[in-house]
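Scroll down for the structure; my scribbles are underneath it.
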Amino acid sequence: MDITTTLKAIESTGLAAGIRDSLYAFPLIESFHVIGLTMTFGTIAIVDFRLLGLASAHRPFTKVAEILKWTWVAFGLTVITGALMFITNASVYFSNLQFRWKMVLIALSGINMFIFDRTCGRNVNRWENDNAAPPSGKVAAVLSLILWISVIFLGRWIGFTTTGQATEPEINLDDLFR
Amino acid sequence: MNDFAQWLAGTQLSLAIQVRLWVIPTVQSIHIAGIGIVLASVFMIDLRIFGWAGRDQTLQQTTRRFCPWLWSALVVLLITGVLMVIGEPVRELMSLSFWLKMSLLLIGIVVATLFQLALRRNDPNWEDEFSSRWTTKSLAVLTLLIWCSIIVLGRLIAYDHVWGSWSLRPIV
């Protein structure tokens, strides 16, 4: 099965159709996507600022980094809601340039994190009480901030380059309470 | 309000934003990054109140660490928010989500200010008792819910049709 048919098959699933047909599903899923991504970005920024020595500089790095378990929870929410939005219009998103770049940058953030863990993070006990991380840690922090801010930009840009929901059904809320 | 929005849409500044298509997405992205700082800051203070994170710091230290970031980010949000209103006045001002968001924002700011004042006025020994109060804990949860609702309402500005007949938009 080639990619076009796969994408079409994803779009025609009951779940995808259900979200498309609902008035409220897509806006609410997108809202929760924003909650997830802002929490992901905000908590990552706390750790990056600590690495750079710009905030929480007096606290041991490992204490500050404890927040990252919440980052994963928030990231999970963002991925799930992102996937739910993707399936409603899979072929359009898949061929969207901004979407593709966004996925590449998220992968690069992951690689950046992995490299940090394997290098600078490995001897964290040597510098965790210093006001800032060693140069390699600072580089990782700057890269992380640039990558995640770019991901936010690209994500917002997807909304301006895909047509999204073509039809907006008319509804009268008063009918619900009749 | 519709007249005001229409007038605003015709001003030089609004037109300058409207013709540059990159401005709105860029300003929105900065707005979202700012929300990230606000939400994470509120969350960190909440986690400390519950004792789920940052227990090596007192509540007062945690608040002193995150409140300046919270207020600075709110200033960024105000500036970018005003730019969005100027750029798309009808979309923003004629949306029910926008006004609900502004009302919740006001509540969020009042709660944050009162919380900060209460912590500042009392001595550090008082804060353990303060954090263990159920009113403090429920207020912490409520505050997080308020900020999350502000995010949801902010996104719903783009989908004003969800309000159906409650929408403020003039019928065309």
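Note that the coordinates shown come from a computational prediction; the quantities given were computed from them, not determined experimentally. By convention in this document, chain letters (A, B, ...) are assigned in the order of the sequence lines, proteins followed by strands, and residues within each chain are numbered from 1. Just so it is clear, the values below take in all heavy atoms, side chains as well, and ignore hydrogens, waters and symmetry mates.
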Tell me, for [X] versus chain A, whether the close heavy atoms (under 4.5 Å) come from the side chain, the backbone, both or neither.
X	answer
Q61(B)	neither
S167(B)	neither
W69(B)	side chain
L153(B)	neither

Tell me whether F114(A) at atom CZ has more than 12 heavy atoms from other residues, nucleotides or ligands lying less than 6.0 Å away.
no
Answer yes or no: does atom CH2 of W101(A) have more than 12 heavy-atom neighbours from other residues, nucleotides or ligands under 6.0 Å?
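Open.
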Any carboxylate oxygen within less than 4.0 angstrom of a Lys/Arg side-chain nitrogen, looking at D56(B) and R59(A)?
yes
Measuring heavy-atom distances to chain B, does [X] have an atom under 4.5 Å in its side chain, in its backbone, in both, or in neither?
X	value
A45(A)	side chain
F160(A)	side chain
L154(A)	neither
I152(A)	both
W148(A)	neither

Does R20(A) make a cation-pi contact with F26(A), if we ask for NZ or CZ under 6.0 Å from the ring centre and within 45° of the axis?
no
Run the ring-centre check on Y159(B) versus Y24(A) and record whether the distance is less than 6.0 Å.
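Not under 6.0 Å, so no.
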Under a 4.5 Å cutoff for heavy-atom pairs, which residue among V38(B), T26(B), L21(B) has the most contacts with chain A?
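Max contact count across the listed options: T26(B).
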I need the residue from I30(B), I24(B), I32(B) with the largest number of non-hydrogen atom pairs under 4.5 Å to chain A.
I32(B)
Tell me every residue that passes side-chain hydrogen bond (donor to acceptor under 3.5 Å, both in side chains) with T71(A), counting only those two or more places apart in sequence or in another chain.
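By the side-chain hydrogen bond (donor to acceptor under 3.5 Å, both in side chains) rule, T71(A) matches T43(A).
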So which of F32(A), F153(A), F41(A) has the biggest tally of heavy-atom pairs under 4.5 Å with chain B?
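Highest number of heavy-atom pairs under 4.5 Å: F153(A).
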Remaining members of V19(B)'s ILVMFWY cluster at a side-chain heavy-atom cut-off under 4.5 Å?
none
Regarding E30(A) and T81(A), do their side chains bring together a donor and an acceptor under 3.5 Å, going by distance alone?
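No.
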